[in-house]
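See below for the structure under consideration.
In the text below, chain A, chain B and the rest are named by the order of the sequence lines, each starting its count at 1. Treat the numbers as computed from the prediction; the structure is a model and nothing was measured.
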Amino acid sequence: IIADRFIKLQRKILGYGRLSQKEISDTLREIRILLLDADVNYKVVGEFLRSLEEKLKSEKIASSLKPGELVIVELYKEIVKLLGEKPTKLNLTNQFNILCLFGLQGTGKTTTAAKLAYYYKEKKPLLVACDPKRPAASLQLQKLAERVKVDFIPVKEDIFTTAKVALEFAKKNNNQLVLFDTAGRLHIDEELMKELKEFKEKIKPNYNLLVVDGMVGQDAVNQAKEFNEKIGIDGVIITKMDGDAKGGACLSIRAVSKAPIIFIGIGEKIDDLQEFHPDRIASRILG
Amino acid sequence: EKFRGIFFSDNLEELEEILLSADIGTQLTQKLIEECKKFSGDKKEFLKEKLINILSIPYKERFFSSPKVILVVGVNGSGKTTTVGKLAYYYKINHNDVIIASADTYRDAATEQLKIWAEKINTEIVLSQKGQDSAAVVFDAIQSAQKRKKDILLIDTAGRLHTRKELIEELKKIIRVINKIKKSKPEEIFLIIDATVGQNGIEQAKVFKDEIDITGIIITKLDGTAKGGILIPIAYEFKLPICYIGCGENIDDLIPFSPEDFVKAIFE
Ligand SMILES: Nc1nc2c(ncn2[C@@H]2O[C@H](COP(=O)(O)OP(=O)(O)OP(=O)(O)O)[C@@H](O)[C@H]2O)c(=O)[nH]1
Ligand SMILES: Nc1nc2c(ncn2[C@@H]2O[C@H](COP(=O)(O)OP(=O)(O)OP(=O)(O)O)[C@@H](O)[C@H]2O)c(=O)[nH]1
Ligand SMILES: [Mg+2]
Ligand SMILES: [Mg+2]
């Protein structure tokens, strides 16, 4: 139904001659519905439309004979721009790199940690289980580590001891990449957010990565805002993009946290990790 | 200055924001705002009543044959395994003899995860044997539950995106096995929905309803900031009862669904 709406919008806009104020409003209203249907956050859509309205009123479009075409192009370009324009690579040094994965419950952190280990296999990665709470969490990561064939540190009762043991092991064992998988936590859980903040301050990861479920709706901004303010997000990984969710959350998260989206998860297997391409996701959001 | 002309109603923008921010979606929000415009009384109360009505779909517990079989399904990470643990505890403290089965033969440590829950609540669990597929585990589980005269069998399944045809087929195979050995459908097929899900939740409900005829919904993670309003278009379109809500990660964080409490929370 989203594709339908965009096609209708396209036909309508492409039929326009010079854009009147009414046509601009109608167009913005249609775009608003399209973006909301794609799970872009309410407030983010509002901001986006404001800046798009400026572009639609611009001289370039006003004086064009085919303003409709320019509107479509402008919309697509604005989304690509908001998403970061180009893919962003993790800047991993040849020395020692620490990545910490965090996020809400069930978003795909543990699976993603293993995928990252596989992706950066040549860095001799060390997977570290730092979820002492979820039943069999450490075992889950251990089995994944066996499949990827990388080193693994099981969780101890407290995550700070676990991290200390892991870093000592990594130095001795020449692991150039240490991946910390943490427990799922709510951004409104004061105690667990404090724990994560302390973890970050003690361990000093090169990259603090928020893992978000690609099917998330309006709540995406709450996650992004809280984790960014309380912890600080260096990068985002959006999972479960192999489904048919539009992925508007990508736009919301980037808009609120300004952090680059580095990867998307596209399945449950260890090689189901893909670079995030703003242009591809822009097309997906637009249906 | 206020950005006008883009809302369904410039005067009801605050109410519109509440509905859209709760993941109720544009279609239903537009419809509700239109009806709101025509109503001359307290518009907020009017909306609350409308939403409560949509969500008030009666849930009647079924029983076909012993043991009562409850199948738990849903997309990856929605909270199925945890919810099976919570349901087992809930039925147990309500004087049922419960047994659980792990039919997730795919994901790493899925069986161990459920086994730990079974130990927590001192409940028997049927585990998959090496090389068994999910349908074989279900067959064993029902046989075992029948032999031991259990009241309720809860079956945990692997997470699956509704877009994966072969995984939906696997569920159908599980249900065929249940039908065969139980001589009836399972009493319940609960779809587990994550409260944070966006519009894709509707698609999930649609596919699971059309393909495997789910009987009810359990919404999890309502202890977060997500309102779970996706339940409203789902209830509106598919008339599925919402049976329980998951509001935390502990064994007793499962409560029966109340439309009034749920709608009240949306407007807070
Ligand atoms: N289809 C699909 N499934 C995924 C993807 N990433 C993870 N999953 C699945 O999502 C479910 C949850 O993944 P986990 O890695 O356990 O999630 P988590 O964030 O570690 O969960 P908690 O530790 O409980 O917070 C599992 O069934 C994974 O196989 C993805 O990109 N696509
Ligand atoms: N806060 C909160 N967390 C929950 C709730 N229900 C489940 N969880 C958490 O969500 C995460 C995923 O739960 P699981 O039970 O493993 O989900 P699942 O659907 O079985 O996942 P897969 O089998 O991998 O598809 C775990 O960390 C649970 O503790 C809930 O109601 N509230
Ligand atoms: Mg995990
Ligand atoms: Mg599970």
Side-chain angles (χ1 to χ4, degrees), chain A residues 1-2 21-22 24-26 28-29 31-33 36-39 41-43 45-46 49-50 53 104-108 110-111 114 133-144 147 184 186-188 213-220 222-223 226 239-240 242-246 248-249 268, chain B residues 3-8 16-17 20-27 29-30 75-79 81-82 85 106-117 119-120 158-164 194-201 203-204 207 220-221 223-230 248-249:
Chain A
I1 50 170
I2 304 283
Q21 180 54 51
K22 173 161 192 316
I24 289 180
S25 288
D26 286 353
L28 289 176
R29 202 174 309 122
I31 292 174
R32 176 177 185 252
I33 291 175
L36 288 170
D37 285 346
D39 287 322
N41 178 265
Y42 181 91
K43 289 218 162 61
V45 171
L49 291 178
R50 243 185 240 273
E53 184 185 40
L104 265 65
Q105 291 87 350
T107 56
T110 305
T111 312
K133 200 175 51 165
R134 167 177 157 148
S138 192
L139 181 64
Q140 181 189 5
L141 189 60
Q142 180 174 358
K143 293 198 174 180
L144 284 162
R147 187 144 355 101
L186 293 177
H187 46 292
I188 52 172
D213 188 321
M215 307 180 286
V216 70
Q218 297 290 309
D219 195 55
N222 298 328
Q223 298 179 25
E226 289 302 308
T239 62
K240 308 179 200 172
D242 43 316
D244 54 1
K246 288 288 167 182
E268 299 189 71
Chain B
F3 194 7
R4 304 205 137 257
I6 59 167
F7 305 109
F8 297 133
E16 183 172 319
E17 174 167 3
L20 291 171
S21 300
D23 289 306
I24 288 175
T26 59
Q27 266 197 330
T29 296
Q30 185 164 14
V75 302
N76 306 76
S78 56
T81 305
T82 308
Y106 173 72
R107 213 207 67 214
D108 293 300
T111 301
E112 287 85 344
Q113 181 187 7
L114 191 60
K115 188 157 177 279
I116 291 172
W117 279 109
E119 286 162 8
K120 273 198 217 198
R160 69 203 67 223
L161 292 185
H162 50 289
T163 46
R164 295 280 301 274
D194 187 323
T196 64
V197 77
Q199 297 308 298
N200 198 247
E203 201 52 33
Q204 292 174 26
V207 172
T220 60
K221 309 180 196 172
D223 46 318
T225 50
K227 303 286 184 180
I230 198 66
E249 302 188 75

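The shortest distance between side-chain heavy atoms of Glu249(B) and Arg134(A) does not fall below 4.5 Å. By the 4.5 Å heavy-atom criterion applied to side chains, Asp244(A) and His162(B) are counted as neighbours. Residues Glu17(B) and Lys43(A) are in side-chain contact: their nearest non-hydrogen atoms beyond the backbone lie under 4.5 Å apart.
At a 4.5 Å heavy-atom cutoff, the contact between Leu139(A) and chain B is made by backbone and side-chain atoms alike. Of the atoms belonging to Gln113(B), heavy atoms from both backbone and side chain fall under 4.5 Å from chain A. Proximity to chain B involves both the backbone and the side chain of Asp242(A), based on heavy atoms less than 4.5 angstrom apart. Within the 4.5 angstrom heavy-atom criterion, only side-chain atoms of Ile116(B), from C-beta onward, approach chain A. With a 4.5 angstrom heavy-atom cutoff, Glu53(A) touches chain B only via side-chain atoms.
For the set Pro135(A), Gly106(A), Ser25(A), the count of heavy-atom pairs under 4.5 angstrom toward chain B peaks at Pro135(A). By number of non-hydrogen pairs under 4.5 angstrom with chain B, the leading residue of Leu28(A), Leu49(A), Asn222(A) is Leu49(A). For the set Ala220(A), Ala136(A), Gly243(A), the count of heavy-atom pairs under 4.5 angstrom toward chain B peaks at Ala136(A). Note: Lys143(A) leads Lys143(A), Glu226(A), Lys133(A) in heavy-atom pairs under 4.5 Å with chain B. Ranked by heavy-atom pairs under 4.5 Å with chain A, the first of Leu114(B), Asp108(B), Asn76(B), Asp194(B) is Asp108(B). Heavy-atom pairs under 4.5 Å with chain A peak, among Thr163(B), Thr29(B), Thr220(B), at Thr163(B). With chain A as partner, the option from Val75(B), Ile230(B), Thr81(B), Val197(B) having the largest number of non-hydrogen pairs under 4.5 angstrom is Val197(B).
A cation-pi arrangement is present between Arg32(A) and Phe8(B), with the terminal nitrogen or guanidinium carbon under 6.0 Å from the aromatic centre and inside a 45° cone about the axis.
Note that CD1 of Ile33(A) and CG of Leu20(B) are 9.5 Å apart. Values are rounded to the nearest 0.5 Å. In this structure, OG1 in Thr196(B) is found 6.5 Å from CG in Asp219(A), a value given to the nearest 0.5 Å. Interatomic distance, Asp223(B) CG to Ile188(A) CD1, rounded to the nearest 0.5 Å: 7.0 Å. Summarising the geometry, atom CG belonging to Leu186(A) is positioned 7.5 Å from atom OG1 belonging to Thr225(B); distances are rounded to the nearest 0.5 Å. Between atom CG of residue Asn200(B) and atom NZ of residue Lys246(A) there is a gap of 10.0 Å, rounded to the nearest 0.5 Å.
Smallest separation of non-hydrogen atoms from Glu268(A) and Tyr106(B): OE1-CE2, 3.4 Å.
With hydrogens and angles ignored, the 3.5 Å screen pairs a side-chain donor or acceptor of Asp39(A) with a backbone N or O of Gln199(B).
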